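What you are looking at is a predicted structure, and each value in this text was computed from that prediction instead of being measured. First listed ligand is number 1; within each ligand, the first listed atom is number 1. Heads up: numbering here begins at 1 and tracks the sequence.
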Amino acid sequence: MKCSRCDGRAVAYLPYSKMNLCKKHFLLNFEKRFLRTVRDYKLVEKGGKIAVGVSGGKDSIALLHLMKMLNKKMPFELFAITVDEGIRDYRNILVDVAQEECKKLGVRQVVLSFEKDLGISMDEIMKTKRVEEACSYCGVMRRNLLNKAAREEKADKIAIGHNLDDVGQTVFMNFMRNEPLRLARFGVAGGIVEDEDFVQRIKPLLRSPEKESAIYCILKGIPIQNRGCPYAKGALRSHVRGMLNEAEQKYPGTKYKILNSFLEFKKMIGEDAAKRALTLEKCVKCGEPSSSNECMCCKMLGELGVGR
Ligand code: SF4
């Protein structure tokens with residue numbers, strides 16, 4: 001099959017745009033989309049300090065490479081934060097990948113772990129919890145550590161590898177859980193909550209399908225691990241992922257339509273509505289921004305019998 005842009009051999013098919021692309025044009029397309037997202041939403045400013053959340057998975061590794069590419073064109077301080085949740089035969093392997101890639105790119109890396117920094121690993125937590133509960137604990141605690149590390153490093157923003165698939169899943173999950181306020185706060189740049197202790201989270205990959213991060217890494221010769229988290233199977237996200245993948249296969253472009261509808265909906269409700277959706281206090285235990293006087297992370301740790 002020929003590339004839709006040149007006479008080269010196509011290596012990837014993009015069903016939503018009916019395009020076949022060769023290596024050169026796929027990489028260009030992927031990188032341009034990232035740069036356009038950064039520019040359209042003013043995600044990175046000259047002279048700023050950006051932390052990249054690097055889990056070691058394909059999205060975060062692709063993001064690290066793209067941020068490094070951007071950094072060569074625009075002066076800002078770049079460093080990486082890796083959170084090791086303590087999931088044996090999974091995260092330890094990805095943490096090694098993250099360390100290797102940071103070293104290769106010359107990006108300083110801050111590594112935190114649930115066990116060392118919170119007092120309990122995910123494997124320990126899962127001894128007493130149902131698999132359906134894993135991601136709630138893991139997500140809350142990871143966000144807490146990421147924000148704390150970014151704030152202590154005086155970062156302006158945290159870039160995370162949230163992709164097009166994640167957006168669709170998050171939108172659906174918030175509807176399914178009847179959490180409209182969380183949906184109102186969700187966006188390309190989380191930062192509708194203005195609090196000096198809350199480091200804005202930006203999502204420069206939100207227009208990029210998950211599959212394309214993997215293709216990008218493979219074509220660039222970046223090692224990726226296909227290992228899945230052993231606790232993912234019980235998650236609502238896994239179910240929604242399957243549902244959306246099926247819809248995308250039958251009706252190519254569905255994921256982009258969800259993203260665009262969501263962004264239109266955000267404009268319609270206005271930023272004020274999203275801001276009103278949450279007022280922040282400081283957690284009495286850890287000092288992190290929280291919607292009540294004790295943050296969810298400290299509540300969870302308390303319930304697990306881990307003091308802070
Ligand atoms: Fe954590 Fe769930 Fe992701 Fe596993 S799938 S790393 S438990 S959020």
- Query: With under 30° as parallel and over 60° as perpendicular, where do the rings of Phe265 and Phe262 fit, or are they tilted in between?
  - Reply: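 Rings of Phe265 and Phe262: tilted, 30 to 60°.
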
- Item | Stepwise salt bridge (Lys or Arg N to Asp or Glu O under 4.0 Å) check, Lys299 with Glu294 | CA-CA 7 Å; Lys299 278 182 194 160; Glu294 187 181 355; 6.0 Å; no

- Would you mind checking if Lys255 and Glu248 are paired as a salt bridge, meaning a charged N to carboxylate O distance below 4.0 Å?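 Result for this pair is no, no salt bridge flagged.
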
- Message: Go through it in stages, so that I can follow the logic: the residues are Glu152 and Lys148, the test is salt bridge (Lys or Arg N to Asp or Glu O under 4.0 Å), and I'd like the CA-CA distance, side-chain angles, deciding distance and then a yes or no.
- Response: CA-CA 6 Å; Glu152 285 174 359; Lys148 189 166 173 280; 3.5 Å; yes

- Query: From atom 1 (Fe) of ligand 1, how many protein N/O/S atoms are found at a distance short of 2.8 Å?
  - Reply: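 Number of qualifying protein atoms: 1.
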
- Message: Could you check whether Arg227 makes a cation-pi contact with Tyr90, meaning its NZ or CZ is under 6.0 Å from the centre of the six-membered ring and within 45° of the ring axis?
- Response: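 Here Arg227 fails the 6.0 Å and 45° test against Tyr90.
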
- Message: Check for me whether Lys49 meets the cation-pi criterion with Phe76, that is, NZ or CZ under 6.0 Å from the six-membered ring centre and within 45 degrees of the ring axis.
- Response: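 Verdict for Phe76: no cation-pi partner in Lys49.
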
- Take atom 4 (Fe) of ligand 1 and look for protein heavy atoms under 4.0 Å from it; say yes if you find one, no if not.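 Protein heavy atoms within 4.0 Å of atom 4 (Fe) of ligand 1 - there is at least one.
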
- What residues, two or more places apart in sequence or in another chain, satisfy side chain to side chain contact (heavy atoms under 4.5 Å, CB included) together with Ser113?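 Residues passing side chain to side chain contact (heavy atoms under 4.5 Å, CB included) with Ser113: Asp84, Glu115, Lys116, Asp117.
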
- Task: Could you list the atoms of ligand 1 found under 4.0 angstrom from a heavy atom of Arg91?
- Result: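 Per the distance check, 6 (S).
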
